[in-house]
Amino acid sequence: MASENKSGSKQWNGITGSEALMHALIAEGVETIFGYPGGQIMPVFDKLYDFKHELNHILVRHEQGAIHAAQGYARVKGFPGVVIVTSGPGATNVITGVADAMVDSTPLVVITGQVPSNLLGTDAFQETDVLGVTLPITKWSYQIRRPEDIAWAVARAFYIASSGRPGPVVLDFTKDAQIGKIDFAYEKCNFIRSYIPKNEINKEQILSAAKLINGSKKPFVVYGQGITLSHAEEELKRFLNKAGIPAGSTLLGLSALPSDFKHYKGMLGMHGNIGPNVKTNECDVLIAIGMRFDDRVTGPVSTYAKQAKIIHIDIDAAEIGKNVPVNIGILGDAKEVLSQLIEHIDKNNHDSWENEFDKCYQIEKDRVIDPEISPKSEYINMGEVVHVISEATGNNAIVVTDVGQNQMFGARYSSFNKSRSLITSGGLGTMGFGLPAAIGAKIAAPERQVCFFVGDGGIQMTIQEFGTIMQEKTGVKIIILNNSWLGNVRQWQEMFFGERYSETRLVNPDFIALAKAYGIAGRKVTCREELKPAIDEMLADDRPFVLDVNVVENGMVMPMIPPGKGVTEIMLNSKEWYDNGK
Amino acid sequence: MENDNILFTVTVYSENQVGLLNQVSIIFTRRNLNIWSLSVSASAIEGVHKFTIACRTSREKIDAVVKQIEKRIDVIKAFYYTNDEIIYQEIALYKVPTDRLLDCADFEDLIRRHNAQILEINRTFTVIQKTGHCSETQSLYDDLNQFGVLQFVRSGRVAVTKSQQEPVNEFLKIQEERRKSLK
Ligand SMILES: Cc1ncc(C[n+]2csc(CCOP(=O)(O)OP(=O)(O)O)c2C)c(N)n1
C-alpha cells in the first residue's frame, strides 16, 4: 500500500524491486511496454500481471521485434520506447535495435533481466556481459544490482534517454534486485552533474551567423531529424519564410516540413533530389540544422560545399566539425537557436536562386519521376505504388519503410502533411526494422493510417511479427514491393559489379497465404488494373492488411550519386549522367 | 598535410562508475588510435576520478576523440594538452644484476648523473628507480643496459596543468548553480 511521505510524494513500504519498477515506469508516464519473458526477468513479468490496467504490454514474437516496435513507437510519440526482455539471448536479440536507436537518436529504455548478482562473472546459465556489449552502442548503460538503486537508475535512464540528443539506455536488472524488498519513493531526475543536455546558446555566434545569412546571395538550409526531435518545425518554417531560404532534408528529416511547403526543395543524399544535392555545391552559405553530415549525404567531404561558408547548428558538441569543417558552429537546441536567429535575420527573398531548384526539379520530374509513376511498360513500378498510396491516404499516413529500394521509393514518392510521418532506419539501415516499427507506430498513433513499405527480402527478416499483429489486432497496412530480388543489392550488382547477380535472387513463399494463416487479410496484385481497387480495399477499414504487389524485377532507384562520387555527380539512369545546366 | 604525430596528453575527469575505463578506451580503439600510456587515479576533488592518457595523433583527431569522451554521461569533462602546457612525469624501475654493477667503476657516478635512486640491493640484483620524462628514463635504460637489464617497467604519464586548479572546478561550480536553480 502506498502512503505519503514527508515531502508529499508517494511512498511504498516493503515492496519488491519488481513492483518498484512498475511504480517508476508509471511515474514516468509509460503506457506501453514491448517485451518477451524469460527466466531471469520472471519476477518483473509476474508483477506486470498485477499492473495490466496501467501498463499495456505487447508480447512480440522475437526480441528484435520488441526493440524495433519500441523504436517506431518512440519516433511517432516523441516519448521513450520501453522494452523488457530476459537475460542472455533475450538481451543479445535486442542489440541490433539498440545500435540502430543510437545512430538514429531514438529514446529507448531497455530493461534486460540478469542472473543474480552473486553469479555475475561465473558464466552462469543465460549470463551475458550486457554492460560490456551495450556500452559502446548506448547513451548510457547501468546494472541494477540492489533494489535500493532502482529509483535512482530508472529516473536517470528516462532523463538521459529523452533529453539532449536522445538515445537508447540499457538497465541490466539482476534477479536478486528484482525480488529484494525495499521502501520505495520515486522522484524524476532533472539534473546530472556530469551531463549538459542543452547548452547555453552563445549570443555572439547567433549574431555572426545572422550577419552571414543577411549578407548571403545564395543561402541554403539543410536540416535533419534534429528539427523533429527539438519540436522546431514551426520555427524552421518561420525562419525560412522570413529569410526566403530554400531547404533540403535528410532522410530522417523528412516530414518535418510539409512536402508542399514553399521553401522545401526535396531530399538530400545518394538518392535524394537533384536540386538540393547540386545546389549544395553552389550556395554561398550552407546552414545545417540538426543533421550530422552523414557520408550518404555528403559523398567525399573533399568535394562537399567547398565554396560555401558553413553554419552548423547542433545539440551535440561532438557533431560540430566532426565530418565537415565549419565556419560557425552553434551548439544548442534547434528550436531555441532558430527562435533567436529569427530575431536577427532580415526579411528577404532569394526568388531567382530558389527558381534554380525548381528548374532542377523539372528536369528530375521529366526524366525520372514521371516515367517512374506513369510507366509506359505493363510492369508496375515501385515508385508508382508508393505514389498511388500516398495520394489515396491524402498524404496523411505515417509511412514506415524497411531498408533497400522500398525505403528509397517510400521516402521519395510519399508526400507528407504532418511531422513525425516517416519512420525508417537511417543510420544503421537495418533490414527487418520495418514490420515491428510499423506495429509500434500504429500503437503510438492508433487514429492514424500506418502504411509500411517493405521488400520481399526484408519482410522475411522479422515476419514472425505477423503473430503480434494477429494477437494485438494492430491495423497496419503492409505493402510488399515484391520484385523477387534483394533489389537494392541487385541494383548495385547491375551498375557496379558487371551484372553478376551473386546471391540476390529470392524464391519466396506465398505471402498472402502466410498472412491468411495469421488471420490477416490480404490481396495479391499482379497487374496495373488490380492496383487501385486493391489499395482502396486495403484502406477501407482499420484491419491489418497485406498487399503483395508484383513489381518490375529490375527497377532502379534513381537519381543516384554513385558511391565515392560528389553531390553534383548524379546518374539519371544506369547510363546517363545529369548534365548541370542543360 | 596536418601533423599527425603530436603527442597529446588527455585528462578525463569522471564520476566513479563501473565500466568507465572501458568506455573511454573504446573511443580510441574505434578510431584506430594507440594509447601510448594510461593512468587512473583520484583527483584533487573528492569523488572525482582522473584519467591521464597519452596518445600520438593529429590535433583534429584528438579534438574529435575528446568530444566523444565528453559525451559519455559519466564523464564530467575532458581536456587535451601538448607537452608545453603541462608538467608531467613518469616513473621507471630497472632491475640489473648486482655483480655486474659492482664491476663497473663509475656506477655511482652514473646513478648520480641520472638523478636515480636505488630502492633495493642484494647479492643477486639491484632495483633502481628514476622519475622523469620518457627520454630521461630511456637514457638511463640505455646506460644500464651495458650490465644487462633484467626487468624494466615505465609507468603511464601523470600530469598537472600549468593553470591554478583542477581545470574542471569552474565547470562543477556552474553545474552546482544550475542544480540549485532547478530545485
Ligand atoms: C540486416 C541487414 N542485412 C543486410 C543488409 C544489406 N542490404 C541492404 S538492402 C538489401 C536488399 C533488400 O532487399 P529487399 O528487402 O527485397 O528490398 P528491395 O531492395 O528489393 O526493396 C540488403 C541485402 C541490410 N541493410 N541489413
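Numbers restart at 1 for each chain; the letters A, B, ... are given by sequence-line order, proteins then strands.
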Go through the atoms of [X] and report whether side chain, backbone, both or neither lie under 4.5 Å from a heavy atom of chain A.
X	answer
B:V18	side chain
B:L172	side chain
B:Q17	side chain
B:V48	side chain
B:L182	both
B:E15	side chain
B:N22	side chain
B:F171	side chain

Full working for salt bridge (charged side-chain N to carboxylate O under 4.0 Å, His left out) between A:R156 and B:D74: CA-CA 11 Å; A:R156 259 172 88 108; B:D74 295 310; 2.7 Å; yes
Whether B:F79 and B:Y13 hold their rings parallel, tilted or perpendicular, with breakpoints at 30° and 60°: perpendicular
A:W152 and A:Y142 aromatic ring geometry - parallel, tilted or perpendicular at 30°/60° bounds: perpendicular
Region of A:I160 that comes under 4.5 Å of a non-hydrogen atom in chain B: side chain
Proximal component of A:K322, with respect to chain B [non-hydrogen, under 4.5 Å]: side chain
Between A:Y159 and A:Y195, ring centroids under 6.0 Å: yes
Most chain B-contacting option - heavy-atom pairs closer than 4.5 Å, from A:A318, A:S194, A:P325: A:S194
Crowding at CD, B:Q146 (>12 non-hydrogen neighbours, <6.0 Å): yes
Flag if over 12 foreign heavy atoms under 6.0 Å of CG, B:D142: yes
Test item: side-chain donor near acceptor, A:R165 and A:S105, under 3.5 Å: yes
Most contacts with chain A, counted as non-hydrogen pairs under 4.5 angstrom, among B:I76, B:I27, B:I26, B:V168: B:I76
Which of B:K67, B:E70, B:Q68, B:K77 touches chain A most, by non-hydrogen pairs under 4.5 Å: B:K67
Rounded distance (nearest 0.5 Å) linking atom CZ of B:R178 with atom CG of A:N190: 8.5 Å
Derivation of the salt bridge (charged side-chain N to carboxylate O under 4.0 Å, His left out) call for B:R113 and B:D109: CA-CA 6 Å; B:R113 242 190 308 124; B:D109 182 49; 3.7 Å; yes
